[in-house]
Amino acid sequence: MRYTHVRLAGLGHTLPDEVVASSELESRLAPLYQRLRLPEGRLELMSGIRERRFFVVGARPSDLSVPSARRAIEASSLAPSDFGCLIHGSVCRDFLEPATACRVHHELGLPAECLAFDVSNACLGVMTGVAIIASMIEQGQIAAGVAVGSELGRGLVENSIARLNSDESITRESLKPWFASLTIGSASVAVVLCHEDLLAKRGPGLAARLVSSTAHAATESHHLCQSEGLAEVMQTDSEALMRAGIDAGATTFQRFLAESEWSCDQIDKTVCHQVGGAHRQMMLDRLGLSPERDFATLQWLGNTGAAALPVSLALGAEEGWFQTGDRVGLLGIGSGVNCLMMGVEWS
């Protein structure tokens, strides 16, 4: 879809204080490593992730989503009364019901006319929320909206460690589907979008122009990554998922270029979904994009699920990575396999 009137007006994020190195996880996996005679250092070597972060024990997603959304709204210069939609898009949520968006909506003091609901789309949840809100703005249904999500990876990682140490039937071969669970981290992020006319009234905000969004569903690969509950265990065929994701990504990218009316060499900067070092390198190589122009956070945040791409965008903006006039490609891939790629002209 092409956009004419949608502006990326504000970004906000919240990161955990607790840092957990990959070497620390391996020390906790000592019973497994000793039994299978695994060399230490393989987790960082294979993933490119040296550390990740966890929020405090007992935190709920909404506890982090509220401050992240507040920061994004403050950065946008918009008023709460301007908002017509709030979407909570992380894998993690407070309860099965009601929607986590309900508490976030209440704490932010958004109007009763503002829609509030959750979207579930694996690692693309927040970006899917962005696409929904952008379409509503473009069609004149609302003037502004906020997509937000918070991923709390501690439970999945700790449950995986406990299972790996206790289940002596696990072999080197059957260990592989557990690997992705050990790359998970935590982060929270919010994205505010609005109509260009509203931003002109409220001033100045970020004012980056949303150019396009392109989606692709390669659902024949839906079985390659499956989770038994929100923070229980996850089984992933990492190698097959990587191949399927890159194939789907390459197909989506060609459609994205056509939709955006860009050529590959006109893309100045990119932000990919942050899965692991090998996946990032292979994807960029396949698409003909330079790693030097891609903003990565996986080395120190790990895979933060639906927060991964938008929080990397927010951190890149905070560091001044994007310059006025940059054409930025947001290249999202999630299990399913689903792809969502968006183009932004930075200002």
Side-chain angles (χ1 to χ4, degrees), residues 1-11 87 89 121 123-140 145 147 189 191-197 199 205-218 245-274 279-280 282-296 306 308-314 316-317 321-334 336-347:
M1 180 172 180
R2 289 278 298 186
Y3 304 105
T4 303
H5 304 293
V6 183
R7 297 295 182 266
L8 177 59
L11 298 164
I87 298 176
N121 194 14
C123 291
L124 290 179
V126 175
M127 294 306 295
T128 299
V130 169
I132 292 170
I133 290 169
S135 296
M136 294 175 72
I137 293 170
E138 188 70 21
Q139 294 168 21
V189 66
V191 182
V192 169
L193 301 106
C194 72
H195 194 282
E196 60 182 354
D197 292 344
L199 195 63
L206 182 59
R209 186 172 82 88
L210 192 62
V211 176
S212 68
S213 67
T214 304
H216 179 77
I246 291 172
D247 287 344
T251 299
T252 311
F253 187 64
Q254 294 306 311
R255 291 180 50 219
F256 163 73
L257 292 176
E259 189 77 39
S260 304
E261 298 180 356
W262 293 351
S263 63
C264 186
D265 58 8
Q266 288 178 316
I267 298 177
D268 299 295
K269 305 285 175 59
T270 59
V271 183
C272 301
H273 175 52
Q274 309 289 306
H279 176 275
R280 173 176 175 262
M282 292 176 66
M283 172 58 71
L284 293 173
D285 287 347
R286 179 77 174 271
L287 302 186
L289 297 168
S290 169
E292 287 72 29
R293 295 186 178 184
D294 182 70
F295 190 83
L309 193 159
V311 83
S312 299
L313 178 68
W321 174 258
F322 309 108
Q323 303 297 315
T324 299
D326 276 351
R327 289 179 171 180
V328 182
L330 309 180
L331 312 178
I333 301 175
V337 168
N338 279 320
C339 297
L340 177 61
M341 297 187 179
M342 309 187 83
V344 176
E345 289 184 353
W346 205 260
S347 60

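Counting all heavy atoms, side chain and backbone alike, Gly288 lies closest to Cys264 at O-SG, 3.6 Å. The shortest non-hydrogen separation linking Gly249 to Leu287 is O-CD2, 4.0 Å. What you find for Gly329 and Ile267 is that their closest heavy atoms are N-CG2, 4.1 Å. Annotation for Gln274 and Ala296: closest pair OE1-CA, 3.4 Å, computed over non-hydrogen atoms. Looking at every heavy atom in both residues, Thr214 comes nearest to Thr252 through O-CG2, 3.8 Å. Between Pro310 and Val126, the shortest heavy-atom contact is CG-CG1, 3.8 Å.
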Checking side chain to side chain contact (heavy atoms under 4.5 Å, CB included) for the pair His216/Val337: CA distance, chi angles, key distance, verdict?
-> CA-CA 9 Å; His216 179 77; Val337 168; over 6 Å; no

Working for side chain to side chain contact (heavy atoms under 4.5 Å, CB included), residues Tyr3 and Leu193 = CA-CA 12 Å; Tyr3 304 105; Leu193 301 106; over 6 Å; no

Leu8/Leu210 under side chain to side chain contact (heavy atoms under 4.5 Å, CB included): CA gap, chis, key distance, verdict = CA-CA 6 Å; Leu8 177 59; Leu210 192 62; 5.8 Å; no

Show your reasoning for whether side chain to side chain contact (heavy atoms under 4.5 Å, CB included) applies to Met283 and Leu331.
-> CA-CA 10 Å; Met283 172 58 71; Leu331 312 178; 5.7 Å; no

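Within the 4.5 Å cutoff, the side chain of Thr128 has no heavy atoms near those of the Asn338 side chain. Leu289 has its side chain out of reach of Asp294: every pair of non-hydrogen atoms, C-beta onward, lies at least 4.5 Å apart.
Atoms OG and CE, on Ser212 and Met342 in that order, are 7.5 Å from each other to the nearest 0.5 Å. Atoms CZ and OG, on Arg2 and Ser213 in that order, are 11.0 Å from each other to the nearest 0.5 Å. Note: Arg7 CZ to Cys194 SG = 8.5 Å, rounded to the nearest 0.5 Å. Put simply, CD1 on Ile246 and SG on Cys339 are 10.5 Å apart, with the number rounded to the nearest 0.5 Å. Thr4 contributes atom OG1, which lies 4.5 Å from atom CD of Glu138 (distance to the nearest 0.5 angstrom). Rounding to the nearest 0.5 angstrom, the gap separating the NE2 atom in His273 from the SG atom in Cys123 is 3.5 Å.
Residues Glu196 and His5 bring a donor and an acceptor atom of their side chains to less than 3.5 Å of each other.
With sequence neighbours left out, the salt bridge (charged side-chain N to carboxylate O under 4.0 Å, His left out) criterion links Arg209 to Glu345. Remark: Glu261 engages no residue in a salt bridge (charged side-chain N to carboxylate O under 4.0 Å, His left out) (not counting sequence neighbours).
Counted within 6.0 Å of CZ on Arg327, heavy atoms from surrounding residues, nucleotides or ligands total more than 12; the atom is thus considered enclosed.
Cation-pi contact between Lys269 and Trp346: absent, since separation from the ring centre below 6.0 Å together with deviation from the ring axis within 45° is not met.
Aromatic ring pairs are classed by plane angle as parallel below 30°, tilted from 30° to 60° and perpendicular above 60°; the pair Phe322 and Phe295 is tilted.
Put simply, the side chain of Ser347 gets close to the backbone of Ala207: a donor and an acceptor are under 3.5 Å apart. Under the 3.5 Å distance criterion, the side-chain polar atoms of Arg255 are matched with a main-chain donor or acceptor of Ala215.
Checking Leu313, Leu309, Val191, Ile132 one by one against Met127, the side-chain contact (heavy atoms from CB on, under 4.5 Å) holds for a single residue, Leu309.
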